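For clarity, every value in this text was computed on a predicted model and none was experimentally measured.
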Amino acid sequence: MLISLKRLLHPSRARAFTSLSPLPSPISPSDFESLVLRQYRAGKFRSLLASVVADPSVLLAACRNLLSRSHPSSSTPTLPLLPFSLSALSAVLRLGAFDPAPLCSSLASSSRKGQALTLPTLELKVALEALRMTLATVYESRLATFAYGGREGIGRHTAIRYIKSTVRNPTWWFRVTLRRERFGPRHVRRLAAVMEEKIDDPALIALVERLFELEAVAIELGGVGLRRGFPQESDLSSILINIYFDAVDREIQELRAEVHKKNPRLRDLDGENSRVIHTPIRVYAVRYLDEILVITSGSKLFTMNIKDRILKHLEGELEVKADKYKTSIHSAVSEKMDFMGMELQAVPPSVLDPPMTEKAIRAMKKYLKRKAAKALELKNARETRRKKLGLKILNHLFKKLKRGHVFEFDFRIESEVREVFRNWAEEVVEGYFKSREDRRNWHRMLTTGDFLSLKRVRDQLPTELVDSYDQFQAKVDKYLNPIRISKVMEKKERQEEEEEERTYARRTVEDLTELKMRVNAPIQLVRRAVKLAGFTNSMGRPRPIKLLICLDDADIIKWYAGVGRRWLEYFCCCWNFKMVKTVVNYHLRFSCFLTLAEKHESTKHQAIRHYTKDLKATDDSGVEEVHFPTEREIRMMKDKYLSDPKPVDGTLSMILARLAVNEPVCSCLAHFCDRKDTVLYRIRLLQNRLHVDPWNEKKWVPGMGAIHESLNKKVLSLCPEHASDLFMGRITLQDIDCTSFVNVE
């Protein structure tokens with residue numbers, strides 16, 4: 001094979017490692033916010049491009065952001081020598097003469113009907129990141145509280161936690177579904193008009209329009225390619241969508257304020273002792289980028305009026321087209337709603353927190369009985385050992401003393417002996433107090449046949465002795481009287497029964513009057529994705545993926561681990577998370593075993609014995625590593641309280657096939673990585689292998705995105721660290737310079 005390295009870079013990047021001028025220090029977040037706020041004059045932000053985006057410290061902070069995303073395995077990654085001139089980029093931005101066209105690369109589609117893909121180079125990505133940081137600081141405090149996505153610490157899981165904790169008693173809901181269309185010129189004009197309301201910077205707005213014109217920043221409304229780590233999307237797209245849809249958010253806020261004002265919550269009826277159940281009409285809204293979910297607790301007619309008002313604003317003000325069929329009103333109780341790749345439904349509280357069944361109660365009682373019997377057995381064995389040990393010690397001491405030996409100790413053990421006997425005495429007393437029969441026997445022995453209870457005897461005794469005897473009898477009656485003990489036990493049992501009745505009544509009333517949100521993982525779609533990717537056969541049983549055989553054993557395990565961890569992290573907030581665990585723990589794990597067995601021409605049992613059930617892999621230094629989640633780790637997994645984990649789409653739909661060629665000396669294509677010990681990998685996309693159109697929901701998985709087909713069979717050079725991160729799903733193709741690839745001819 002003849003291998004030639006082709007870099008699709010701007011000519012200014014030819015002086016990649018020749019700029020030796022000292023770099024400024026990156027600006028801190030607080031200083032950056034102050035720098036942006038200093039540009040606020042007369043009600044608008046002015047000269048943001050020249051004064052903020054073009055600042056070298058801001059550009060260096062953007063480089064730091066890209067560096068931290070592309071080096072997740074390094075705790076403190078160091079920024080190497082920049083492959084472009086930072087001062088030149090800053091100067092051209094400050095002058096307003098920045099043209100992104102030379103910094104864009106176009107990749108032709110692998111099919112005849114496909115469209116070309118325009119990708120930005122690393123230098124342009126740095127400028128886009130600085131622009132994103134600036135716009136995020138300007139608009140962060142102005143965005144609605146229910147606007148999720150593209151914001152720091154506010155993402156999919158944050159929206160799900162809001163839905164589960166805040167939404168109460170929903171009756172009807174609808175999801176605003178937009179028709180699939182490109183963010184075209186009319187949308188860009190509307191976006192520019194919205195930005196001009198807060199920003200007085202013609203150069204910055206012209207730069208945004210130029211980016212859309214060159215398709216360096218592309219948005220597809222109604223699609224499934226946002227915030228998934230695909231190379232065809234940009235982080236700048238999220239903040240621009242939030243800016244564009246801010247008008248709708250404000251309309252929804254006004255609508256909610258009107259409804260809440262007309263239907264106030266009566267505080268006098270909200271107390272725990274109130275017998276009146278008051279459920280005022282409420283409107284809840286959640287928007288994740290271009291997905292809008294509206295939930296109401298009113299009538300269907302009331303919900304229809306809200307829907308018409310929102311759609312009128314969307315189609316009139318924002319000039320977007322909604323799918324009227326998919327934007328239909330559904331019952332929150334009897335119908336499920338798909339939102340952000342999850343299934344929502346309103347259920348009674350007992351469904352989310354079900355009471356113990358009779359079978360579970362019997363099993364628990366049986367377990368407690370076994371536990372008590374085992375504890376008694378251990379106690380008896382311990383007492384027997386103590387008795388034997390004490391007899392041996394006494395026998396030994398008696399023999400020594402009989403022979404005339406004198407014992408001398410260098411240390412005193414009285415305190416230790418007293419502590420041991422005190423513990424034994426407390427255990428004996430505690431055991432007696434737990435038994436009614438023992439208490440009754442002790443009470444009978446200490447109270448009957450005592451001559452001190454006779455009056456003629458008491459008159460002849462000293463008063464102190466009689467008082468002491470009476471106090472002793474009072475203590476005996478207090479702690480050992482069987483009648484009093486029975487009353488205390490009966491009172492305790494009666495209180496437990498009353499508590500159970502109150503709990504049952506409370507749960508019954510809650511089930512009849514309250515509805516909470518249940519969030520489920522779409523398990524049928526997950527199984528369909530598992531089958532589509534080749535993890536299982538037509539019968540639903542694990543099978544090997546032969547395309548992975550060309551990889552090392554560790555890379556095979558890492559790829560499976562990346563898919564499994566992405567699924568586990570994305571659906572960890574769902575109520576049926578246990579079913580997702582089963583898919584990862586069984587289908588993916590045993591498919592990995594079968595793939596390794598197919599590679600080494602062995603059986604599945606031999607592969608399990610060699611790699612163990614935890615799929616341990618040995619690295620080059622001979623150290624065993626575990627990349628795939630262990631069975632115990634999966635079993636103990638719960639909600640990790642993440643903010644915005646990426647779905648599995650990018651990892652599942654791409655396989656990196658290692659090339660068996662004499663590899664040339666070329667640098668790693670990850671952002672700001674200058675390592676030369678690289679390996680060549682060819683990208684193989686799932687839709688191209690199966691010859692399936694990702695937009696055909698009958699053959700593809702609904703709601704699952706796909707990497708652009710122009711990257712199919714492209715060859716990337718990656719160092720071992722970034723290859724491992726890409727296999728494990730820690731980084732995506734967004735963190736790699738896809739404009740620089742290796743042509744294998």
Side-chain angles (χ1 to χ4, degrees), residues 23-69 84 86-100 103 120 122-143 147 149-154 183 188 191-212 214 216-217 219 227 233-246 289 671 734:
L23 295 176
S25 58
I27 191 171
S28 63
S30 58
D31 293 340
F32 177 73
E33 184 176 0
S34 301
L35 177 63
V36 175
L37 294 178
R38 280 200 297 269
Q39 313 307 317
Y40 187 77
R41 296 184 296 272
K44 289 187 178 182
F45 290 89
R46 305 176 188 276
S47 303
L48 289 176
L49 185 64
S51 303
V52 180
V53 179
D55 191 286
S57 60
V58 174
L59 294 174
L60 196 59
C63 294
R64 287 285 186 184
N65 291 346
L66 297 178
L67 176 68
S68 60
R69 295 175 198 166
F84 57 88
L86 188 70
S87 58
L89 178 61
S90 174
V92 79
L93 284 170
R94 183 172 286 106
L95 294 174
F98 179 71
D99 185 12
L103 299 177
L122 181 57
E123 186 175 356
L124 182 55
K125 284 185 178 180
V126 171
L128 294 180
E129 176 63 17
L131 180 58
R132 184 202 66 79
M133 294 165 53
T134 304
L135 294 178
T137 304
V138 170
Y139 285 95
E140 178 62 33
S141 60
R142 292 166 174 79
L143 296 177
R151 303 171 67 182
E152 187 69 26
I154 302 178
F183 200 82
V188 176
L191 175 64
V194 173
M195 294 177 65
E196 287 174 353
E197 296 176 1
K198 291 294 181 184
I199 299 174
D200 184 11
D201 191 350
L204 186 144
I205 296 176
L207 175 59
V208 173
E209 294 175 344
R210 181 62 173 162
L211 291 172
F212 277 104
L214 297 172
V217 175
I219 299 175
R227 300 294 294 179
E233 61 173 304
S234 172
D235 288 334
L236 182 61
S237 304
S238 301
I239 185 63
L240 294 179
I241 289 179
N242 286 331
I243 296 172
Y244 189 78
F245 281 91
D246 186 58
L289 299 180
H671 293 163
Q734 267 189 319

- prompt: Which value, rounded to the nearest 0.5 Å, describes the distance between L214 atom CG and D99 atom CG?
  reply: 7.0 Å
message: Less than 4.5 Å apart, side chain to side chain, heavy atoms only: is that true for I27 and D55?
response: no
- prompt: Hey, is the main chain of P100 close enough, under 3.5 Å, to the side chain of R210 for a donor-acceptor pair?
  reply: no
message: Tell me the closest heavy-atom pair linking Y139 and V194, and the distance in Å.
response: OH-O, 4.1 Å
Flag, side chain of E209 to backbone of V188, donor-acceptor distance under 3.5 Å: no
message: Is it the case that the side chain of S51 and the backbone of S47 share a donor-acceptor pair, with hydrogens and angles ignored and the cut-off at 3.5 Å?
response: yes
- prompt: So how far is it from L66 CG to E129 CD, rounded to the nearest 0.5 Å?
  reply: 5.0 Å
From I205 atom CD1 to E196 atom CD, the distance as rounded to the nearest 0.5 Å: 4.0 Å
Heavy-atom pair of closest approach, residues A62 and A130: CB-N, 3.7 Å
message: The test is side-chain contact (heavy atoms from CB on, under 4.5 Å); show your working for F212 and L191 and say whether it passes.
response: CA-CA 11 Å; F212 277 104; L191 175 64; 3.9 Å; yes
- prompt: Counting heavy atoms not belonging to E33, are there more than 12 under 6.0 Å from its CD?
  reply: no
field: S57 side-chain N/O to P26 backbone N/O, donor-acceptor pair under 3.5 Å
entry: no
task: Measure the CD1-CG distance between I241 and D246 for me, rounded to the nearest 0.5 Å.
output: 13.5 Å
- request: State, to 0.1 Å, how close E233 and Q734 come at their nearest heavy-atom pair, and which atoms those are.
  value: O-NE2, 2.8 Å
query: Are D31 and L35 close enough that some pair of their side-chain heavy atoms sits under 4.5 Å apart?
result: no
task: Test L49 against F98 for side-chain contact (heavy atoms from CB on, under 4.5 Å), laying out the working first.
output: CA-CA 10 Å; L49 185 64; F98 179 71; over 6 Å; no
query: Counting only N and O atoms by type, is there a donor-acceptor contact under 3.5 Å from the side chain of D200 to the main-chain atoms of K44?
result: no
message: With a 4.5 Å cut-off on side-chain heavy atoms, are K198 and R142 touching?
response: yes
Rounded distance (nearest 0.5 Å) linking atom NE2 of H671 with atom OG of S68: 12.0 Å
statement: Closest heavy-atom pair, R38 versus R41, reported as atoms and distance to 0.1 Å, is O-NH1, 3.6 Å
- prompt: Taking all atoms of both residues into account, what is the closest heavy-atom pair of S238 and G150, and its distance?
  reply: CB-CA, 3.5 Å
message: Once rounded to the nearest 0.5 Å, what's the spacing between atom CG of L240 and atom CG of L211?
response: 9.0 Å
field: Test log, rule side-chain contact (heavy atoms from CB on, under 4.5 Å), inputs V53 and V58
entry: CA-CA 6 Å; V53 179; V58 174; 5.8 Å; no
message: Contact between V52 and M133 at the side-chain level, heavy atoms closer than 4.5 Å - yes or no?
response: no
field: Steps toward side-chain contact (heavy atoms from CB on, under 4.5 Å) verdict (L135, L236)
entry: CA-CA 9 Å; L135 294 178; L236 182 61; 4.1 Å; yes
- line: When every non-hydrogen atom of L59 is compared with those of A54, the smallest separation belongs to CD1-O, 4.1 Å
- prompt: Are side-chain heavy atoms of R227 and D235 found at a separation under 4.5 Å?
  reply: yes
- prompt: Looking at side-chain heavy atoms only, is the closest gap between L131 and L204 below 4.5 Å?
  reply: yes
message: Within the 4.5 Å heavy-atom criterion, are I219 and Y244 side-chain neighbours or not?
response: no
query: Heavy atoms, side chains only, cut-off 4.5 Å: are F45 and T134 in contact?
result: no
